[in-house]
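First up is the structure itself, then whatever we jot down about it.
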2 protein chains.
Amino acid sequence: MSERRLPPVVARMWGRETSPRHGPRPSLDLARIVDAAIRIADRDGLDGVRMSSVAREVGMATMSLYRYVGSKDELLIAMADAAAPEPPALDGRAWRDYLTDWTRANRDFLLGRPWLLALGQHTPPAGPRALRWLDRALAALAGTGLGHGERINIATTLTGYATRQASLAHALNVAAAGEPIAGLTEYADILGEVLDPDGYPALTEAVHANAFGVAEEWIDDADFTFGLDLLLDGIQALIDRRREH
Amino acid sequence: MSERRLPPVVARMWGRETSPRHGPRPSLDLARIVDAAIRIADRDGLDGVRMSSVAREVGMATMSLYRYVGSKDELLIAMADAAAPEPPALDGRAWRDYLTDWTRANRDFLLGRPWLLALGQHTPPAGPRALRWLDRALAALAGTGLGHGERINIATTLTGYATRQASLAHALNVAAAGEPIAGLTEYADILGEVLDPDGYPALTEAVHANAFGVAEEWIDDADFTFGLDLLLDGIQALIDRRREH
DNA sequence: AGGGATTCTGTACCACGTACGCTGTATCGC
DNA sequence: GCGATACAGCGTACGTGGTACAGAATCCCT
């Protein structure tokens, strides 16, 4: 009744296959196709993922794939979910420890499969894997006294942070590819060339202070931790405020 | 010398046109093309932006555009920068007031031009507009005693937050389109249908507690402010820590 | 004045997603 | 069992959209 909005492939991701009574058995399943597509994306990037190349990888004709996915877009949606690993185990850790780990793991698998970033998967999570990630974050926040809505909100914010960090790190890595040294230094050089101090006073100052050179750790863990701690400190403050009431 | 990495169109965005000695004068400039493309995107969405449609809009042949942009991708990059408005004026406000405004304005213009989200513009900022946004945020943080690197970091994190919020809000708005009631309620229904309590204990509990129904304000300003305050509280804590030293 | 670089354009090509219809096959009703 | 039926797999063909290429028109420079 409400399945209308979500892509049909989501239903299939949950195993809601309407097993038909008539006809030959399917020689494949969605998972095998999605795995093949992910293998190609890992090897050749997202551009390498074509209906024809996926079909070749699973040993079928191109058009046969359309028995399993409604369109290429649906395939990409299924890929986005299946490409994520399982979330870290909670193991009774305190919320802050766990969420630090969780967020870092989130960023890391995005960096390991950069094509996930290009996918622009900005939809609310609907696949089994994505929801398991959400579930674990909520579980970690269970003892904090925060409301359900707040917990969801926090999980969302942290995923957003992980995604953003991964995007930036990847963009800089790509920019730096070929040159052993760095992407950021070069970025700063370009800024220096192009900026006029009148229109961009604060930026110019930052560039001259070599802020970007120093911030080479933008890609780095130190920097990741920095921003993450901003968020976690904020969450901590919220928890404390709630407890005082 | 270091221009190698950035797309050539970036140079043109900064007016670094190498005015040639010979030949007919160009009858157009990059800005006019980009404006036309933005107009189309606003009207017909990103799919409406085709080299042919943009050319028609400016009254030229399709291939003529390639005198101004190296490829469609370059055009999209230029659009991403030009489509942003100017950042809010600082007006001597305190950093927290200003950055609240700044982040909200950031989210708002993304919501006003949702195709910017589809663009997946996850590159470090390089256009004049994007850098002006960065510059203003840095200026707002000038009196805080934070280092340049930290300020850049904060600005980055806040843009990330604005982007994420805009993405979610837009995704839910789209999902809700057609049905007057809501996207989130429906989302919760689907989750309820599909979830098994064993694999997703915390999520199931949240759904049963109607957390999503209550969190209908996900799209809402209350929710936006909630997450933003988490960040700002974290920043405040950092400033205080620095001051104590 | 004329040479050469540069703009604009039409044509053509190629890549890719996918609609359509055919063929074979496995299950169901009798 | 036996035909009817529905569905899997697939080959062909089309449409769309980016862009390479080459010719013609244009205008600056010497």
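Residue numbers begin at 1 in each chain, while the letters A, B, ... track the order of the sequences.
Rounded to a whole Å, the CG atom of A/Leu46 is 19 Å from the P atom of C/dA15. Nucleotide C/dC16 holds its P atom 14 Å from the CG atom of A/Leu76, rounded to whole Å. If you take CD1 of A/Ile33 and P of D/dA8, they are 12 Å apart, rounded to a whole angstrom. Atom C1' of nucleotide C/dT9 and atom CG of B/Leu65 are separated by 11 Å, given to the nearest angstrom. Taking atom CZ of residue A/Arg56 and atom P of nucleotide C/dG17, one finds them 12 Å apart after rounding to whole Å. Atom-to-atom, OH of B/Tyr66 to C1' of D/dC21 comes out at 13 Å; the value is rounded to the nearest Å.
For the pair A/Asn106 (side chain) and A/Thr159 (backbone), a donor-acceptor distance under 3.5 Å is absent.
Residue pairs meeting the salt bridge (charged side-chain N to carboxylate O under 4.0 Å, His left out) criterion with at least one member in residues 63-73 of chain A, sequence neighbours excluded, do not occur.
A/Asp42 and A/Trp115 share a side-chain donor-acceptor pair at under 3.5 Å.
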In B/S/- notation, 5' to 3', how is nucleotides 9-17 of chain D contacted by protein heavy atoms closer than 4.0 Å? BBBB----S
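B/Asp108 is linked by a side-chain hydrogen bond (donor to acceptor under 3.5 Å, both in side chains) to nothing, counting only residues two or more places apart in sequence or in another chain.
Note on B/Arg43 versus B/Glu57: salt bridge recorded, some NZ/NE/NH1/NH2 to OD/OE distance being below 4.0 Å.
Taking the ring centre of A/Phe224 as origin, the terminal cationic atom of A/Arg104 falls outside the region bounded by 6.0 Å and 45° from the ring axis.
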